[in-house]
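Everything on this sheet refers to the single structure shown next.
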Amino acid sequence: MSVYKAEYIWMDGTKPSPLMRSKTKIIPLGEEPGIWGFDGSSTNQAPGKASDCVLKPVCIVPDPIRGGDDKLVLCEVYLTDMTPHPTNTRAPLREVAEKYASFDSWFGLEQEYTLMKFDGTPLGFPTNGYPAPQGPYYCGVGGSQIFGRDLVEAHLEACLEAGLKIAGINAEVMPGQWEFQVGPCGPLEVSDHLILARWLLCRIAEHYDCDATFDPKPARGDWNGAGCHTNFSTNEMRESYDAIIAACEALSKDPMKHVKAYGHGIEDRLTGHHETQKWDTFSYGVSDRGASVRIPWQVKIDGKGYIEDRRPNANCDPYLVTRLIVDTVCSDRA
Ligand code: ADP
Ligand code: MN
Ligand code: MN
Ligand code: MN
């Protein structure tokens, strides 16, 4: 065949949390995926009378679902006058990343998620009532601790085949709850790869009779929420402990600016319990999983490395989160 399939993927305008959308274009072999369009009135991105929105490819990887010559094509959304659409949060990140390029910022994102049955309960929960309390599930093994491993393995394999910078996976503290890590790499790349990895997860879940949700509090009660811990370093922080502390201090200046942009429903997750600091309080500390920002113990010993912002929700927009962190930490040092 002399054509290939390109799956164009973009973030829509759904509030309070955008959804991922995609559609397929057949392209002659040898041609690059070009500018395309979609009906913005069906994605909360345009009124019906002026519905055209523009898709601009920004990150193209092999499609591990279809295989062969087929591609996944992550896009930014533009208006027809070719200015970034208001829902396009990647465009402003590009500017900030460029401004502070000399800091060589790296991010490692820990994406937690929950596999849900169609009745709305997490995989591993009985339809009525609750499973045994938290304890054995995190990094567990065995049929009564672990739910959804085949899906999780298929997702890991797909991410690797797509060439995404996936760093690892682990089972989380609630049944049906898992995590994958992306990075470390720059803010644009880590965010693009996170969105593609999220899309692959939801796409592969279609084959397993369940949904992957990034809901930050998928089960009420005594269960951990789902976050997207954001590990961060600059070239300075990878060399000096003073720069580690300076980054924590910079983040302490206007914490609400960050909390407000770290994902809808953050107050329900950052309760001060379940390995979180309370949403309206800022703290940092070595090894402290009850702090807003944790300095890993190895970083304290080495006197250099990175910090972990524990606040971002699983449903956060990585373009917003990485932009705020680069801007806050680097503008303080510039
Ligand atoms: P946790 O102990 O919090 O569960 P993880 O191992 O899940 O930690 O995630 C740590 C993340 O930190 C990984 O994704 C890793 O790539 C990232 N990381 C490691 N070193 C750096 C660094 N210098 N800058 C930014 N991120 C880093
Ligand atoms: Mn982790
Ligand atoms: Mn985790
Ligand atoms: Mn973590």
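Predicted model, so just to flag it, every value in this text is computed and none were measured. Atoms within a ligand are numbered from 1 in the order they appear, just like the ligands themselves.
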Those atoms of ligand 1 less than 4.0 Å from some heavy atom in [X]:
X	value
Arg294	1 (P), 2 (O), 3 (O)
Glu308	3 (O)
Pro184	16 (O), 26 (N), 27 (C)
Gly183	16 (O)
Arg289	2 (O), 3 (O)

Distance from [atom] to nearest protein heavy atom, with residue and atom:
atom	answer
atom 24 (N) of ligand 1	Ser233 OG, 2.8 Å
atom 11 (C) of ligand 1	Asn231 ND2, 3.3 Å
atom 6 (O) of ligand 1	Gln181 CD, 4.7 Å
atom 1 (P) of ligand 1	Glu110 OE1, 3.5 Å
atom 7 (O) of ligand 1	Glu179 OE2, 3.0 Å

Query raised in the report: Do Asp150 and Tyr208 touch side chain to side chain, with heavy atoms closer than 4.5 Å?
Result: yes
Requested in this report: Provide the closest heavy-atom pair for Cys210 versus Leu123 in the form atom of the first, atom of the second, distance.
Outcome: CB-CD1, 4.4 Å
Report task. Before accepting this row, confirm whether a basic side-chain N of the pair Arg90/Asp192 lies closer than 4.0 Å to the acidic partner's carboxylate O. Result -> yes
Query raised in the report: Can a salt bridge be assigned to the pair Glu76 and Arg94 using a cut-off of 4.0 Å between side-chain N and carboxylate O?
Result: yes
Query raised in the report: Given the side-chain rings of Phe232 and Phe107, with only the six-membered ring counted for Trp, is the space between their centroids under 6.0 Å?
Result: yes
Query raised in the report: Near the Mn ion (ligand 2), is there an N/O/S atom from Glu112 that is less than 2.8 Å away?
Result: no
Report summary line: the Mn ion (ligand 3) -> Glu172, closest N, O or S atom is OE2
Report task. Tell me which one of Tyr306, Phe232, Phe180 gets a heavy atom nearest to atom 20 (N) of ligand 1. Result -> Tyr306
**Report entry** Axial cation check for Phe103 ring with Arg333, 6.0 Å and 45° limits
**Finding:** no
Report summary line: From the list His193, Gln181, Glu189, side chain to side chain donor-acceptor pair (under 3.5 Å) with Lys165 holds only for Glu189
Query raised in the report: Pick from Glu308, Arg289, Arg311: which one makes a side chain to side chain donor-acceptor pair (under 3.5 Å) with His229?
Result: Glu308
Requested in this report: Measure up the Phe180 and His155 rings against each other and bin them: parallel (under 30°), tilted (30 to 60°), perpendicular (over 60°).
Outcome: tilted
Requested in this report: Would you please test Glu249 and Tyr284 for side chain to side chain donor-acceptor pair (under 3.5 Å) and show each step?
Outcome: CA-CA 9 Å; Glu249 288 294 329; Tyr284 66 89; 2.5 Å; yes
Requested in this report: Would you check if the Mn ion (ligand 3) lies under 2.8 Å from any N, O or S atom of Glu179?
Outcome: yes
**Report entry** the Mn ion (ligand 2) to Glu110: nearest N/O/S atom name
**Finding:** OE1
